[in-house]
Amino acid sequence: MNAASIMKLMSAKKQFSDNHPKFEAFIQALLSRPMEEDTVIEITVTRPGEKPVTANLKVQPSDLELLEELKEMMK
(Lines give C-alpha, C1' and ligand atoms only; values in the text may rest on other atoms or scores of the structure.)
Protein backbone atom coordinates (compact mmCIF):
# COMPACT_ATOMS: atom_id res chain seq x y z
CA MET A 1 0.00 0.00 0.00
CA ASN A 2 1.48 3.35 -0.96
CA ALA A 3 1.66 6.42 1.28
CA ALA A 4 -1.19 8.24 -0.49
CA SER A 5 -3.50 5.25 0.01
CA ILE A 6 -2.57 5.03 3.67
CA MET A 7 -3.25 8.74 4.18
CA LYS A 8 -6.61 8.42 2.43
CA LEU A 9 -7.52 5.43 4.60
CA MET A 10 -6.49 7.25 7.78
CA SER A 11 -8.58 10.26 6.79
CA ALA A 12 -11.61 8.04 6.12
CA LYS A 13 -11.11 6.29 9.49
CA LYS A 14 -11.02 9.65 11.29
CA GLN A 15 -14.20 10.81 9.53
CA PHE A 16 -15.94 7.51 10.39
CA SER A 17 -14.84 7.82 14.03
CA ASP A 18 -16.05 11.41 14.19
CA ASN A 19 -19.42 10.41 12.71
CA HIS A 20 -19.87 7.29 14.88
CA PRO A 21 -17.99 7.68 18.19
CA LYS A 22 -20.14 5.15 20.06
CA PHE A 23 -19.47 2.48 17.43
CA GLU A 24 -15.73 3.06 17.66
CA ALA A 25 -15.91 2.82 21.47
CA PHE A 26 -17.90 -0.42 21.14
CA ILE A 27 -15.29 -1.95 18.82
CA GLN A 28 -12.43 -0.81 21.04
CA ALA A 29 -14.11 -2.39 24.07
CA LEU A 30 -14.51 -5.67 22.19
CA LEU A 31 -10.91 -5.64 21.05
CA SER A 32 -9.53 -4.64 24.45
CA ARG A 33 -8.80 -8.29 25.07
CA PRO A 34 -7.86 -11.06 22.65
CA MET A 35 -10.63 -12.59 20.58
CA GLU A 36 -11.16 -16.24 21.40
CA GLU A 37 -11.81 -19.18 19.14
CA ASP A 38 -15.54 -20.05 18.87
CA THR A 39 -16.61 -16.45 19.56
CA VAL A 40 -19.64 -15.65 17.39
CA ILE A 41 -19.63 -12.33 15.53
CA GLU A 42 -23.00 -11.26 14.16
CA ILE A 43 -23.95 -8.27 12.07
CA THR A 44 -27.35 -7.02 10.90
CA VAL A 45 -27.84 -4.51 8.10
CA THR A 46 -31.19 -2.75 7.76
CA ARG A 47 -31.61 -0.62 4.66
CA PRO A 48 -34.46 1.92 4.52
CA GLY A 49 -37.67 0.18 3.52
CA GLU A 50 -36.13 -3.31 3.52
CA LYS A 51 -36.10 -6.24 5.91
CA PRO A 52 -32.97 -6.68 8.03
CA VAL A 53 -30.32 -9.07 6.75
CA THR A 54 -28.20 -10.84 9.36
CA ALA A 55 -25.05 -12.94 9.04
CA ASN A 56 -22.75 -14.42 11.63
CA LEU A 57 -19.51 -16.30 11.85
CA LYS A 58 -17.78 -18.38 14.45
CA VAL A 59 -14.17 -17.34 14.92
CA GLN A 60 -11.77 -20.03 13.76
CA PRO A 61 -8.14 -20.38 14.83
CA SER A 62 -7.06 -19.14 11.38
CA ASP A 63 -9.10 -15.92 11.90
CA LEU A 64 -7.28 -14.85 15.05
CA GLU A 65 -4.24 -13.35 13.29
CA LEU A 66 -6.43 -11.24 10.99
CA LEU A 67 -8.46 -9.99 13.95
CA GLU A 68 -5.26 -8.97 15.75
CA GLU A 69 -4.12 -7.09 12.64
CA LEU A 70 -7.46 -5.26 12.49
CA LYS A 71 -7.07 -4.41 16.17
CA GLU A 72 -3.68 -2.85 15.44
CA MET A 73 -5.17 -0.81 12.58
CA MET A 74 -7.80 0.62 14.96
CA LYS A 75 -5.10 2.26 17.10
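No hydrogens, no waters, no symmetry mates; every other heavy atom, side chains included, goes into these values.
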- Item | Side-chain heavy atoms of Leu67 within contact of Val59, under 4.5 Å | yes

Please report the interatomic distance [atom1]([X]) to [atom2]([Y]), rounded to the nearest 0.5 Å.
X: Thr54; Y: Ile43; atom1: OG1; atom2: CD1; result: 9.0 Å
X: Ile41; Y: Lys58; atom1: CD1; atom2: NZ; result: 12.5 Å
X: Met10; Y: Ser5; atom1: CE; atom2: OG; result: 13.0 Å

- Message: Can you confirm whether more than 12 heavy atoms, excluding those of Glu65, are under 6.0 Å from its CD atom?
- Response: no

- Query: What are the two closest non-hydrogen atoms of Leu64 and Met35, and how far apart are they?
  - Reply: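 Nearest heavy atoms, Leu64 then Met35: CD2-O, 3.4 Å.
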
- Query: Is a salt bridge present between Glu24 and Lys13, judged by a nitrogen-to-oxygen distance below 4.0 Å?
  - Reply: yes

- Using side-chain contact (heavy atoms from CB on, under 4.5 Å) as the criterion, list what pairs up with Glu36, not counting sequence neighbours. Arg33, Thr39

- Item | Residues in salt bridge (Lys or Arg N to Asp or Glu O under 4.0 Å) contact with Lys14, at least two apart in sequence or another chain |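 Residues passing salt bridge (Lys or Arg N to Asp or Glu O under 4.0 Å) with Lys14: Asp18.
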
- Message: Whether the side chain of Ser32 engages the backbone of Ala29 through a donor-acceptor N/O pair (distance < 3.5 Å, no angle test) should be reported.
- Response: yes

- For Asn19 and Phe16, indicate whether the former's side chain and the latter's backbone hold a donor-acceptor pair under 3.5 Å. no

